[in-house]
A.B. asks: 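Take this structure first; my questions come after.
Sequence lines set the chain letters: A, B, ... in the order given, protein chains first and strands last, and positions in each chain run from 1.
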Amino acid sequence: MPRYNPAQIEPKWQAYWEENQTFRAPDLPGDEKLYVLDMFPYPSGDGLHVGHPEGYTATDIVCRFERMRGKSVLHPMGFDAFGLPAEEHAIKTNTPPRESTERNVATFRRQLKMLGFSYDWSRELSTTDVDYFRWTQWIFLLLFDTWYDTQQRRGRPISELPIPAEVQDEGEEAVRHYQNDFRLAFQSDALVNWCSKLGTVLANEEVIDGKSERGGYPVTRLPLRQWMLRITEYADRLEQDLELVNWSDSIKAMQREWIGRSTGAEVDFLIGDPAGEAAWREARAAAGFPRKPGDDVLRIYTTRPDTLYGATYMVIAPEHPFVERLTTAAQQSSVTEYCQQAAAKSDLDRTDLGKEKTGVFTGSFAINPVNGQPVPIWIADYVLISYGTGAIMAVPAHDTRDFEFAQQFEIPIICVVEPAEHEQLDAIRRGEVCLAGSGTAVNSGQYDGMTTGEFKTRIAADLRAQGLGQEAVNYKLRDWLFSRQRFWGEPFPILHELDDAGQPTGHLKPVDACDLPVDLPYLEDYKPHGRPEPPLGKAPDEWLYPVIDGKKYRRETNTMPQWAGSCWYYLRFIDPKNDQAFVDPEKEKAWMPVDLYVGGAEHAVLHLLYARFWHKVLFDRGYVSTPEPFARLINQGMILGEIEFTGFVAEDGSAVSVTNVTRDAEGRQVHKKTGAELTGIKLAADQVEKKGDSFVRKDDASIRVNSRAHKMSKSRGNVVNPDQIVTDYGADSLRLYEMFMGPLEAPKPWSMAGVNGVRNFLDRVWRMIVDANSETAILNPAVKDVDPTEEQSRVLHKTIKAVTHDFETIGFNTAISRMMEFVNYFTREATRPRSAMEQLVLLLAPMAPHICEELWKILGHDQTLAYAAWPTFDEALTQDATIEVPVQVLGKLRGKVTVAADISRDDLLAAAKSLENIQPWLDGKQIVKEIVVPGRLVNFVVR
RNA sequence: GCCAGAGUGGCGGAAUUGGCAGACGCGCUGGAUUCAAAAUCCAGUUGCCUUAACGGCAGUGAGGGUUCGAGUCCCUCCUCUGGUACCA
């Protein structure tokens, strides 16, 4: 075996690992456990993408590294195979979903094995396995059985829900209804996001800019009875517990933003008879702020109670229950028209037209509780019924949206906050410019002169004392719409009781845990039809209408969304074969939490928020031991296509500089001045050159071109296929290249030349150790059983130290650089100590396991190196005996002095001062200051 | 608009967190080897000025500041990427 041949080595070692179960994790860990998890893929029909191996290689390196350091490592892999994408693929290829899913899983499994990841494959699972989703259904039943105790701030069994006496008195039926109102899984008639193209409703999180996240199809609002999960009850804990985890700030920020906690106050404005104001105030002062507002007040939510004196109008959402009552006869027709228009608008329209504010006056007034002034009440769709109380006080002087609206409808603008310093202070005072920030109160009666912060605290206390308001917290997070009208998902383990006439009684019966799983029935036609009735409604009667204890039921025909299975798979990996529980408590306690979780940032809100929610419910109910599932999260950056140069040409073929290109309203690329449509053309690297900060055409340097890397996509034709890379360069080269490209978390452009570069490095490693001229696999004659020289030792120990540090901090690109330096050094050495070669093989093994196993064997070992001891270093040997210290004059480098590493401060200073090329810079000058940083530098400040 | 993150050679990227900017790789140039090529090995490679050799000046998106010393810290601005968008 003279030359490095990955095509031969790699399958051989993959077979070895599989036969010997090399990476099988123990049921319970030893002294130190490490649970490293990849976000499992959904097995698309396209097979693995080069983005997948990036994160998977990173976790694999960590696992292999830590195994060599003696840790018990759990590193599993599975497939997220239920849901829309899998079903869409099945429909497209006209295959039953289970069949096409299994085929895709097989492809993914083959590709993952081909890359040599050290997964414990005995734990493989798919969310579509009946034995798996049996427990997904079980957890759903747990959610159904749980209510959230806001006092204790935790989920509790529904049997422990206190039932008010008056409900108790009404009988069993009333109690049941009361309980249903508190369950974490509940049914609700609400306006939902309906996507007829996908034939299902979608969660808020799955709708982006009024279009479906998957497919980009239009989404409309439709009232439908749907299953919801009360994730909002956990909003504060989901937000606060972000403190407990080691995640990137940006992901935490995205979750925080999605949860959208805001603090402020609720305030009641009297809308009843103004003559009764005094009596109302008296009653309120005595009784305090009521939990639910009466019909005589309009309750608003504001984050700026300090601007109450500047409220010049109020707005209620078009869907607000008071619309009818507040509308005067004179305004009736315009209000009706406006509300109908608002209702007809889809979410997309509402945001699209968001630039121009619309609204209509009701004709009614409310009374401002702080000054008794009447305030006109408007209806406008910029106020959302689903947030806060669906009503606001508008303070145009200090809120940009209110300001816009007030300008449009010529409503007075009263400044009540003055900034400390502002260029347009006078304009702000006159209400001509909006100030959204904080400052000092003016025109606010007794509160004048207070800072915004003081004012907020004071007014909250005063309002509370008068029973007119109270502090309040609001979240943007909405309850999670959990049902889908599709076939390919987990059936709900819920039965609807039917009466003798076959009509639903409204009574829900959860399927007994011992009767789980509820499997999917066989359906001839499972395809969505664009109407809200689920396809499971066409299931055979034996499935659809079970009879239990003589009672007839109809099964729930909705299915769970794609996210259900991925909410708890990390727990099942710990105990994948258990048929008594979703996970054994002892094993759960031993392995959780996940120590390192790696995946794409596209799951920043959806998956990670949902999984954390389920985990907290399981935690509250005593089934898991940690409050958070994922202790550390790293998002790998996206791998982009190769850098492309794009030039623009007009219709007549003339080149146009990129500085003159813009996009018109329809998104077409047009000339900035003439508006003529332009075409982008791909230019080869040798057609362009760098000029200043940008690239220009070689044939005309005045024409600037675009240079950037794009997302890989089929339509762009820049997709890199991992199979091809493995064939051409080998799996180790692919792994190594993806780690060498740059920091794990950064987005990086692909470069074929770069793959060739790391392959070159592996060739050099091979030749450093193996005799490339021999027919058989024997050591390079330069490798000898000798002790390393002192210099060789220093190189070795420095490398061990640096690589170990880089592995600990996930700095894989620099770790590779260090090993390249090692190889560059030792290939120049005529004698290469075998021990040093062995140490390098161990260092490189986590990254390029196949070649290293082979080299390890050639170096005379008959066991896998997967559990060989990680190399250690001697700190003393990582320092050089002599060091070169830069010498500066006035901060500029003027010379270098070579001295002993442990030189004293004074000796270093003396050596620097006597340096020959320093003298001219010191001559005739006075040394004002001498800066000596031992081991680092000397700097003379002269005058 | 708002919130994150990032701007360093022809390219991907280093820089122990305030201490020699450009490690390592790609590409390019030259050389060795070869009948020739591939492969391999060696040397060079930020720009400008200058030298026989040395050396000097500038330089990390732009401008300002702090410091003996700034890619790194502070202020203002520009560009790009991702997220988000009437959430009161």
A.B. asks: Considering only the C1' atoms, how many Å lie between B/A15 and B/U46, rounded to the nearest integer?
C.D. replies: 16 Å
A.B. asks: Which part of the nucleic acid, if any, lies within contact of A/Ser250, taking any heavy atom under 4.0 Å across all strands shown: a base, the sugar-phosphate backbone alone, or nothing?
C.D. replies: sugar-phosphate
A.B. asks: Has A/Lys357 got its NZ or CZ under 6.0 Å from the middle of the six-membered ring of A/Tyr382, at an angle within 45 degrees of the ring axis?
C.D. replies: yes
A.B. asks: Would you say the base of B/C20 and the side-chain of A/Lys896 have a donor-acceptor pair closer than 3.5 Å?
C.D. replies: yes
A.B. asks: Between the main-chain N or O of A/Pro318 and the side-chain N or O of A/Asp381, is there a donor-acceptor pair closer than 3.5 Å?
C.D. replies: no
A.B. asks: May I ask you to say what A/Gln888 touches in the nucleic acid, namely base, sugar-phosphate or nothing, with a heavy-atom cut-off under 4.0 Å?
C.D. replies: base
A.B. asks: Find which nucleotide of RNA chain B each of A/Ala391 and A/Ala253 is nearest to by heavy atoms, and output the residue with the more 5' nucleotide.
C.D. replies: A/Ala253
A.B. asks: Could you check whether A/Gly388 gets within reach of a base, just the sugar-phosphate, or nothing at all, counting any heavy atom under 4.0 Å?
C.D. replies: nothing
A.B. asks: Is the base of B/U66 syn or anti, if syn means a glycosidic angle within 90° of 0?
C.D. replies: anti
A.B. asks: When you check the phosphate oxygens OP1 and OP2 of B/A88, does a side-chain N or O of A/Tyr382 lie under 4.0 Å from one of them?
C.D. replies: no
A.B. asks: Could you tell me whether the phosphate oxygens of B/G25, OP1 or OP2, come under 4.0 Å of any side-chain nitrogen or oxygen in A/Asn824?
C.D. replies: yes
A.B. asks: B/C3, B/C24, B/U84: which one has an atom nearest the side-chain heavy atoms of A/Met820?
C.D. replies: B/C24
A.B. asks: Looking at every strand, decide which applies to A/Arg828 at a 4.0 Å heavy-atom threshold: base, sugar-phosphate, or nothing.
C.D. replies: sugar-phosphate
A.B. asks: Indicate whether the side chain of A/Ser262 and that of A/Asn474 have a donor and an acceptor atom separated by less than 3.5 Å.
C.D. replies: no
A.B. asks: Looking at A/Arg708, I'd like to know whether one of its side-chain N or O atoms comes within less than 4.0 Å of OP1 or OP2 on B/U81.
C.D. replies: yes
A.B. asks: Using the benzene-type ring in the case of Trp, are the ring centres of A/Phe405 and A/Tyr313 under 6.0 Å apart?
C.D. replies: yes
A.B. asks: So does A/Arg3 get a side-chain nitrogen or oxygen closer than 4.0 Å to the phosphate oxygens (OP1/OP2) of B/A39?
C.D. replies: no
A.B. asks: Quick one: salt bridge (Lys or Arg N to Asp or Glu O under 4.0 Å) partners of A/Arg832, sequence neighbours excluded?
C.D. replies: none
A.B. asks: For the pair made of CD in A/Gln255 and C1' in B/U84, what is the distance, rounded to whole Å?
C.D. replies: 14 Å
A.B. asks: Heavy atoms under 4.0 Å, any strand shown: does A/Arg764 hit a base, just sugar-phosphate, or nothing?
C.D. replies: sugar-phosphate
A.B. asks: Between A/Tyr301 and A/Met254, which residue's closest nucleotide on RNA chain B lies nearer the 5′ terminus?
C.D. replies: A/Met254
A.B. asks: Which nucleotide sits closest to the side chain of A/Asn939: B/G13, B/A88, B/G69?
C.D. replies: B/G69
A.B. asks: For residues A/Thr878 and A/Arg794, is any side-chain donor paired with an opposing acceptor at under 3.5 Å?
C.D. replies: no
A.B. asks: List RNA chain B stems (3 or more consecutive Watson-Crick/G-U pairs, under 3.5 Å)?
C.D. replies: B:1-7 with B:78-84, B:10-12 with B:24-26, B:27-32 with B:40-45, B:46-49 with B:55-58, B:61-65 with B:73-77
A.B. asks: Looking across every strand, which nucleic acid part, if any, lies under 4.0 Å from A/Asn760 by heavy atom: base, sugar-phosphate, or nothing?
C.D. replies: sugar-phosphate
A.B. asks: I'd like to know if the side chain of A/Arg304 reaches the main chain of A/Lys456, judged simply by a donor and an acceptor atom lying under 3.5 Å from each other, with no hydrogens or angles considered.
C.D. replies: no
A.B. asks: Between B/U66 and B/U72, how far apart are the two C1' atoms, rounded to whole Å?
C.D. replies: 14 Å
A.B. asks: What's the gap between B/C48 and B/G9 when it is taken at their P atoms, as a whole Å value?
C.D. replies: 15 Å
A.B. asks: Please collect all salt bridge (charged side-chain N to carboxylate O under 4.0 Å, His left out) contacts where either partner lies in residues 748-761 of chain A, sequence neighbours excluded, each pair once.
C.D. replies: A/Glu54-A/Lys748, A/Arg759-A/Asp763
A.B. asks: Does A/Arg894 reach a base, just sugar-phosphate, or nothing at all? Heavy atoms under 4.0 Å.
C.D. replies: sugar-phosphate
A.B. asks: Whole angstroms only, please: what is the CH2-P distance between A/Trp258 and B/U84?
C.D. replies: 7 Å
A.B. asks: Figure out the CD1/C1' separation between A/Ile639 and B/G13, and round it to whole Å.
C.D. replies: 15 Å
